Participant: 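Next up is a structure, given as structure tokens.
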There are 2 protein chains.
Amino acid sequence: MKETDASSKFALLGMLSICPGSGYDIKKLVQASIGYFWSESYGRIYPVLKELAKKGLIQPERRQGNNGRGRQSYAIKKEGMQDLRQWLEKSPRVEPNRSELLLKMFFSRLAPVEVTSAHILERKAVEERNLASYNRVEEQHRKDHTKNPELSYWLATVSYGRHRSRAIVDWCNETLATLSQIQQQLKERNKK
Amino acid sequence: MKETDASSKFALLGMLSICPGSGYDIKKLVQASIGYFWSESYGRIYPVLKELAKKGLIQPERRQGNNGRGRQSYAIKKEGMQDLRQWLEKSPRVEPNRSELLLKMFFSRLAPVEVTSAHILERKAVEERNLASYNRVEEQHRKDHTKNPELSYWLATVSYGRHRSRAIVDWCNETLATLSQIQQQLKERNKK
DNA sequence: AAATGCATGTAACGCGTTACATGATTTT
DNA sequence: AAAATCATGTAACGCGTTACATGCATTT
């Protein structure tokens, strides 16, 4: 492991700033709370936690928890909080959004129309499932944290997800219409 | 280089399926035509092109072009077209959309409100610039290719960009409003 | 006792970026 | 001739995923 200053580090620090926990806990928390725009894998979590501990940003704590289960837990330290705050000040990078769906779309003249439609239908289904899940996430957030502005920020991220998924679904519908037009044209051309 | 079956390979094949060219040409073409949802770096382009040639998917051609400039050019072969078509049939993977902006947003209770607003304003500006550029891209596409369904597919990808950027700008506005409310509340709390 | 699942971790690998190096061509 | 920029490439590195390994706890 090299000196990491990537966002994984701060995702972990941030989660620990909400509540202490183990790598396993963090993984679940990430998935449940920000899973629609972030992910962390064990392969990163554990090494980064170790490094953060070595740097004195978080405090490892042997935990012989409630039921005797679970083991290595961490709590964030003042130094970690400071690091996190500093990171928050810096402009977030604009991530290049590579979309394989769009790439295929761009070359779709080489594929049967039905195949392209199928891909879009699939994606539409995914985003509709996402839309449904945002309601659950929002409920959970409202339960977990009633205090402002904490909650406001969380709800804003959920709203982002909704805007995003809604936009994609709209595009899917629009594009499905276009595709059926194309298919219509091909049929008529074949008749002649 | 190991056996790659990643999308870079197919992005290159796809571009060569439109017109033959060098690595440099491809880089520019990618940027101009699908730059808003895809990117390729020289560090990938050149090795992958070599590998594709070795596999017999594309044909290397010494080019002593119009003006004596440019060197190693490639043209796609039947085998390459076949590979490309096969790839098009497969369901595109749903890419995890990691957003650093959203991550910061989620932890923003730890930062001054003005900083968060600034980040959002920046992103908003970026997306508004993107929105403007889609018009230019669309114009270019209409000029380059009038034949259907080629053009339809290309315009569909542009439309995706618009939906996406529009959604983000909307969210930015909404969130900026939320933030100024939060700031208002903080001010009033300080008065007391 | 065996099987399943929980929790923690490691190793290896591929992708993609960044930074650097180099020649060839055009511009000044 | 010098400077700039075009064009091609390589090397190194970091990030993140995947697959694997391992023990402990719980269930059957």
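Computed over heavy atoms, backbone and side chain alike; hydrogens, waters and symmetry mates excluded. Note that the coordinates shown come from a computational prediction; the quantities given were computed from them, not determined experimentally. A, B, ... follow the sequence lines: proteins, then strands. Residue 1 opens every chain.
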Participant: Quickly work out the B/K27 NZ to C/dT17 P distance and round it to whole Å.
Facilitator: 8 Å
Participant: Would you mind reading off the distance between B/I45 atom CD1 and D/dT10 atom P, rounded to a whole angstrom?
Facilitator: 14 Å
Participant: Salt-bridged, B/R123 to A/E95, with N to O below 4.0 Å?
Facilitator: yes
Participant: Between C/dC15 atom C1' and B/W38 atom CH2, what is the distance in whole Å?
Facilitator: 11 Å
Participant: For the pair made of NZ in A/K28 and P in C/dC6, what is the distance, rounded to whole Å?
Facilitator: 9 Å
Participant: Return the minimal non-hydrogen interatomic distance between B/E100 and A/R93, and the atom names on each side.
Facilitator: OE2-N, 3.3 Å
Participant: Take atom CD of A/E40 and atom P of D/dC15, then tell me their distance rounded to the nearest Å.
Facilitator: 11 Å
Participant: Using the side-chain heavy atoms of B/K50, tell me which of these nucleotides is nearest: C/dG16, C/dA7, D/dT10.
Facilitator: D/dT10
Participant: Salt bridge check, B/K55 against B/D83: does any charged N sit closer than 4.0 Å to a carboxylate O?
Facilitator: no
Participant: Testing the basics here: between A/H141 and B/F106, what is the closest heavy-atom pair and its distance to 0.1 Å?
Facilitator: CE1-CE1, 4.1 Å
Participant: What is the distance from OH of B/Y46 to P of C/dG16, rounded to the nearest Å?
Facilitator: 18 Å
Participant: Verify the contact: side-chain N or O of A/R44 to OP1 or OP2 of D/dG14, cut-off strictly under 4.0 Å; return yes or no.
Facilitator: no
Participant: Do B/R142 and B/E138 sit within salt-bridge range, that is, some charged N less than 4.0 Å from a carboxylate O?
Facilitator: yes
Participant: Using the closest heavy atom to pick a nucleotide of DNA chain D for each, name whichever of B/P96 or B/Y24 lands nearer the 5' end.
Facilitator: B/Y24
Participant: Does A/S22 place a side-chain N or O at less than 4.0 Å from the phosphate oxygens OP1/OP2 of C/dA7?
Facilitator: no
Participant: Let me spell it out: for each of B/G43 and A/S39, pick the nucleotide of DNA chain D with the closest heavy atom. Which residue's pick is nearer the 5' end?
Facilitator: B/G43
Participant: Calculate the interatomic distance between B/D25 atom CG and D/dC6 atom P; express it in whole Å.
Facilitator: 13 Å
Participant: Name the closest nucleotide to the B/S41 side chain, picking from D/dT18, C/dG16, C/dG9.
Facilitator: C/dG16
Participant: Hey, is the side chain of B/S8 poking within less than 4.0 Å of OP1 or OP2 on C/dC15, counting only N and O atoms?
Facilitator: no
Participant: Could you tell me the separation between the OH atom of B/Y42 and the P atom of D/dT5, rounded to a whole number of Å?
Facilitator: 15 Å
